[in-house]
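One structure is given below, encoded as C-alpha cells.
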Amino acid sequence: MPPNLCTLLFVLATTVSTCGAIGVNWGTTASHPLPPAKVVELLKSNNVTKVKLFDADPGVLGALSGSKLSVTVGIPNALLKSLNSSKKAAESWVHDNVTRYVSNGGGGGGVKIEYVAVGDESFLQSYGEQFHPFVIGAAMNIHTALARAKLESNVKVVVPCSFDSFLSESGHPSKGHFRADLNRTMIELLTFLSKHNSPFFATISPFRSLRQNKNISLDFTLFKDNAKPHNDSRKTYKNSFDLSYDTLVTALSTVGFPKMEIVVSQIGWPTDGAANATSSTAETFMKGLMAHLRSKSGTPLRPRNPSSETYVFSLLDEDQRSISTGNFERHWGVFTFDGQAKYRFDFIQGSKNLVDAQNVEYLPAKWCVVNNNGDLSNATASASEACSHADCSAMSPGGSCSNISWPGNISYAFNSYYQQHNQSADSCDFGGLGLITTVNPSVDNCRFSVQLRTSLSESFRPDYLSLCMTLLVTTLLLSLPRFT
Ligand SMILES: *[C@@H]1O[C@H](CO)[C@@H](O)[C@H](O)[C@H]1NC(C)=O
Ligand SMILES: *[C@@H]1O[C@H](CO)[C@@H](O)[C@H](O)[C@H]1NC(C)=O
Ligand SMILES: *[C@@H]1O[C@H](CO)[C@@H](O)[C@H](O)[C@H]1NC(C)=O
Ligand SMILES: *[C@@H]1O[C@H](CO)[C@@H](O)[C@H](O)[C@H]1NC(C)=O
Ligand SMILES: *[C@@H]1O[C@H](CO)[C@@H](O)[C@H](O)[C@H]1NC(C)=O
Ligand SMILES: *[C@@H]1O[C@H](CO)[C@@H](O)[C@H](O)[C@H]1NC(C)=O
Ligand SMILES: *[C@@H]1O[C@H](CO)[C@@H](O)[C@H](O)[C@H]1NC(C)=O
Ligand SMILES: *[C@@H]1O[C@H](CO)[C@@H](O)[C@H](O)[C@H]1NC(C)=O
Ligand SMILES: *[C@@H]1O[C@H](CO)[C@@H](O)[C@H](O)[C@H]1NC(C)=O
Ligand SMILES: *[C@@H]1O[C@H](CO)[C@@H](O)[C@H](O)[C@H]1NC(C)=O
Ligand SMILES: *[C@@H]1O[C@H](CO)[C@@H](O)[C@H](O)[C@H]1NC(C)=O
C-alpha cells in the first residue's frame, strides 16, 4: 500500500473513531442559492463527508453525483399525506428521487444516499398535529418501496424530530419525556426504527434553550469551563448540550427504548437577527461543541457512547426561511449566503480555518438606497412593504443592522428588495424614492449585500464564456505575427 494512502486511511480511521462523523445540513430556501456545483466544491474543500438535504432537488443531487459524500435526502411535509395513503406514490418517490441517483452509473457516478428523512421536523409544536397521522405510514411505505428496489440494506429511513418533541418541565434530564401529544406516535416511530436498525434523528438547540429557559446561562450554553453546573440527583451537567441530550435519552427510556441510537440531525448557532446571535458567539459555541464531541466523553447518561453522527445546522444562510419563530432563522449558516466563512472553525479539528467558496459570481456592484433629497413622508410605508417581501431580519433588535438609523434603515429595506429582484431598475423605484448607486452603503457590521448571479443559464455561462475566451485568445495568438 502506498504510504500516502496508508496515512490517509490512518487519519480517516482516527477522525472517525475520535469524533463520530460531522456532517452539515444544506438548505436551499434562498432567493439566490449558491449554485449546487459550487456548494459541493465548498463541502469537499472543507473535508465535509456527510450532507443532509431537506428535499431531493435534481440540481443538487446531480451536483452530488460521483462526489463520494454520504447524503440524506428529505421528504417535505407536504408529501406525507399522499405517501401514507398510497404505496404507489411511495414507490414513485423512491424511484424518482433515490433509485435513479443511486444506480446512476453505479461505478462511482451515482449518489451515495445513506438516509431518507421522512418529513422535515413534522412534529414541531407550531404545526399542531396536522402531520402526526401520516408520518409513520409514510415512513413504512417508503421503507417497503426501498426494499422492493433492493436498497434497504444501504438506505435507511429516518424521521427527524424537532427540538420541542421532548422536554423536561423541571429542567432535570432525569424527568425527560416526549411531548404529551406525541406519546403514541413516538412509540410507533421507535418500534419502526428499532425493527429496521435505524437511528433516532433529533434536533438539539442550545440557542433556543437559552432564549426559553431563564435557568440556562450563556456560559453554560457555550461550553465554558467556568459555567455553573446543573445538578440532577447524582449527575452533574456542565453544558446545555448534555442537558438536552440526556433529556432525550430519558424520554426514549421512558417509552421503552433505552438503547436507541441518537443522531443529532441539527445543531448550530445563528449569527444575526437576535440578541446573542453573533459570529463570535457562534464561533465559541461551535468550537466548544467540536471539542466536546472530540473528547468522546459522552453525556452523564451515555458516557463513552457519544452520538455516532452530528449534523451542523447549517451550511449557508437562507434569506427565505420562515421567520415565524424568529428573525435569527435566516442566519444559521457557518457560511454567509455566498459561501464566505463567518468565523474561524473547521469540521474536523474545530480550530482551523474554513475554506471559502471560490469564484462566486455576483450581480454588478450596485445598490438601491433612498434618495435623501426626496419627500420622505411615505418612505417608511414603502420600506415596510419592501421588507414584507425581502429580507430585513438583520434590522431586528440585536441584529447587525439594528443600530442603523433612519433613513439608513429605509435604504437597507430598498436594497434588499432590489437585490432579491435581480437589480431590475423598476425594483428600485419606490414611487421615485429609490436611487441606484455604485457606492457601497454598508456601515460597520451592517452589510448591504449584492446578490448572486444564479439562473441556470447564467450559472453555466462562465464555462461557455471561458471557452469562448480561450478560443478567442488562441485565435488571436495564432493570427498574430511572431515577435522574433
Ligand atoms: C482537509 O484535509 C486535508 C488532508 O487531510 C488537509 O490538508 C486540509 O487542511 C483539510 N482542510 C480543512 C479545511 O480542514
Ligand atoms: C394512512 O394510510 C393508511 C393506509 O392506506 C390508511 O388506512 C389511513 O387512513 C391513512 N391515514 C390517514 C390519516 O389518512
Ligand atoms: C420526487 O418524486 C416525486 C414523485 O415522483 C415527485 O413528484 C417529486 O417532484 C420528486 N422530487 C422531490 C424533491 O420530491
Ligand atoms: C429553574 O430553576 C428553578 C430553581 O432551581 C426550578 O424550580 C425550575 O423548575 C427551573 N425551571 C426550568 C424550566 O428549568
Ligand atoms: C406516555 O406513554 C407511556 C407508556 O405508555 C405512559 O407511561 C405515559 O404515562 C404516557 N404519557 C403521557 C403524557 O401520555
Ligand atoms: C451540585 O453538586 C455539587 C457537588 O456534587 C455542589 O458542589 C454544587 O454546589 C451543586 N450545585 C448546585 C447548583 O446545586
Ligand atoms: C444575551 O447575552 C447577554 C449577555 O451577553 C445576556 O445578558 C442576555 O440575557 C442574553 N439574551 C438572551 C435572550 O439570552
Ligand atoms: C403618500 O401616500 C399617499 C397615499 O398613498 C398619497 O396620497 C401621497 O400622494 C403620497 N405622498 C408622496 C409625497 O408621495
Ligand atoms: C448598537 O448600539 C449599542 C449602543 O451604542 C451597542 O451597545 C451595541 O453593541 C450596538 N449593536 C450592534 C449590533 O452594533
Ligand atoms: C426605520 O426607522 C424609523 C425610525 O426609527 C421607523 O419608524 C421605521 O419603522 C423603520 N423602518 C424599517 C423598515 O425598519
Ligand atoms: C432573478 O433571476 C433568476 C434567474 O434568472 C430567476 O430565476 C428569478 O425568478 C429572478 N427573480 C426575480 C424576483 O425576478
Side-chain angles (χ1 to χ4, degrees), residues 4-16 19 22 24 41-49 68-69 164 166-176 206 208-217 220-221 228-233 237 240 243-244 246-247 273 286 290 294 312 315 327 334-335 339 341 343-358 368-370 376-397 399-417 430 433-434 446 448:
N4 285 350
L5 189 56
C6 224
T7 321
L8 185 66
L9 286 179
F10 177 73
V11 169
L12 281 178
T14 46
T15 359
V16 169
C19 173
I22 306 294
V24 296
E41 218 173 85
L42 179 68
L43 293 170
K44 285 183 178 167
S45 56
N46 285 289
N47 296 333
V48 174
T49 56
K68 302 203 166 60
L69 277 107
D164 59 6
F166 55 94
L167 68 156
S168 162
E169 282 82 3
S170 66
H172 292 132
S174 62
K175 297 284 187 303
R208 289 191 185 83
S209 301
L210 174 70
R211 287 167 63 85
Q212 290 166 4
N213 187 339
K214 290 198 166 29
N215 289 357
I216 290 183
S217 73
F220 187 67
T221 310
K228 191 163 162 272
H230 286 221
N231 291 343
D232 182 5
S233 50
Y237 286 89
S240 179
L243 204 71
S244 294
D246 278 2
T247 301
M286 294 302 295
M290 288 299 297
R294 254 184 326 127
V312 170
L315 183 64
N327 285 306
V334 169
F335 295 90
Y343 43 86
R344 220 179 131 85
F345 171 74
D346 78 281
F347 291 96
I348 293 184
Q349 298 295 324
S351 54
K352 289 190 295 180
N353 272 340
L354 290 163
V355 177
D356 293 336
Q358 302 298 307
C368 177
V369 294
V370 70
L376 301 189
S377 51
N378 281 349
T380 297
S382 299
S384 305
E385 171 64 11
C387 286
S388 70
H389 300 285
D391 176 25
C392 295
S393 55
M395 288 202 286
S396 55
S400 61
C401 299
S402 56
N403 281 352
I404 188 172
S405 54
W406 192 90
N409 66 346
I410 307 296
S411 290
Y412 187 88
F414 283 8
N415 183 60
S416 178
Y417 187 87
F430 301 106
L433 288 176
C446 178
F448 281 59

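Counting starts at 1 for both ligands and their atoms, following the listed order.
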Looking only at protein heavy atoms, identify the closest one to atom 11 (N) of ligand 10 and say how far it is in Å.
N409 ND2, 2.9 Å
What atoms in ligand 4 come closer than 4.0 Å to a heavy atom of N213?
12 (C), 13 (C), 14 (O)
Could you pull out all residues at least two apart from S416 that satisfy side chain to side chain donor-acceptor pair (under 3.5 Å)?
none
Going by the 4.0 angstrom heavy-atom rule, the piece of K214 near ligand 4 is neither
Contact atoms of ligand 1, heavy-atom distance to S45 under 4.0 Å
13 (C)
Closest approach of L42 to G339 (non-hydrogen atoms, all atoms of both residues)
CD1-O, 4.1 Å
Below the 3.5 angstrom mark, is there an N/O of W406, backbone or side chain, next to an N/O of ligand 10?
no
To the nearest 0.5 Å, tell me how far I216 CD1 sits from S244 OG.
6.5 Å
Decide side chain to side chain contact (heavy atoms under 4.5 Å, CB included) for F430 and I410; before the verdict, give the C-alpha distance in whole Å, the side-chain angles of both, and the deciding distance to 0.1 Å.
CA-CA 11 Å; F430 301 106; I410 307 296; over 6 Å; no
Is atom 9 (O) of ligand 4 less than 4.0 angstrom from some protein heavy atom?
yes
Return the orientation label for the F448 and Y412 ring planes: parallel under 30°, perpendicular over 60°, tilted otherwise.
perpendicular
Which protein non-hydrogen atom lies closest to atom 7 (O) of ligand 10, naming both residue and atom, and how far is it?
T380 CG2, 4.4 Å
Assess N353 for proximity to ligand 1: is some non-hydrogen atom of it under 4.0 Å away?
yes
On a heavy-atom basis, the closest approach of L433 and A379 is CD1-CA, 3.7 Å
Considering only heavy atoms of G171, which atoms of ligand 4 have at least one such atom less than 4.0 Å away?
14 (O)
Tightest non-hydrogen contact, residues A341 and D356, listed as N-OD1, 2.7 Å
Tell me which part of K352 gets within contact of ligand 1: side chain, backbone, both or neither, using heavy atoms under 4.0 Å.
side chain
Might you check, step by step, whether the distance between atom 3 (C) of ligand 4 and some protein heavy atom is under 4.0 Å?
yes
Nearest non-hydrogen partners of M290 and I348, listed with the distance
CE-O, 3.4 Å
Pairwise distance CG(L354) to NZ(K352) - rounded to 0.5 angstrom:
10.5 Å
Only heavy atoms of E169, strictly under 4.0 Å: list the atoms of ligand 4 that pass.
12 (C), 13 (C)
With the threshold set strictly below 4.0 angstrom, can you tell me whether any protein non-hydrogen atom sits that near atom 14 (O) of ligand 10?
yes
Quick check: closest heavy atoms across S351 and D346, and the distance to 0.1 Å?
N-OD1, 2.9 Å
NE2/H172 to OG1/T247 distance, rounded to the nearest 0.5 angstrom?
10.0 Å
Quick one: nearest non-hydrogen protein atom to atom 5 (O) of ligand 4, plus distance?
N215 ND2, 4.6 Å
With nothing but distance in play, are any N or O atoms of N47 less than 3.5 Å from an N or O of ligand 1?
yes
Taking only non-hydrogen atoms of A383 and a 4.0 Å limit, the atoms of ligand 10 in range are 13 (C)
For H172, is the nearest heavy atom under 4.0 Å from an atom of ligand 4?
no
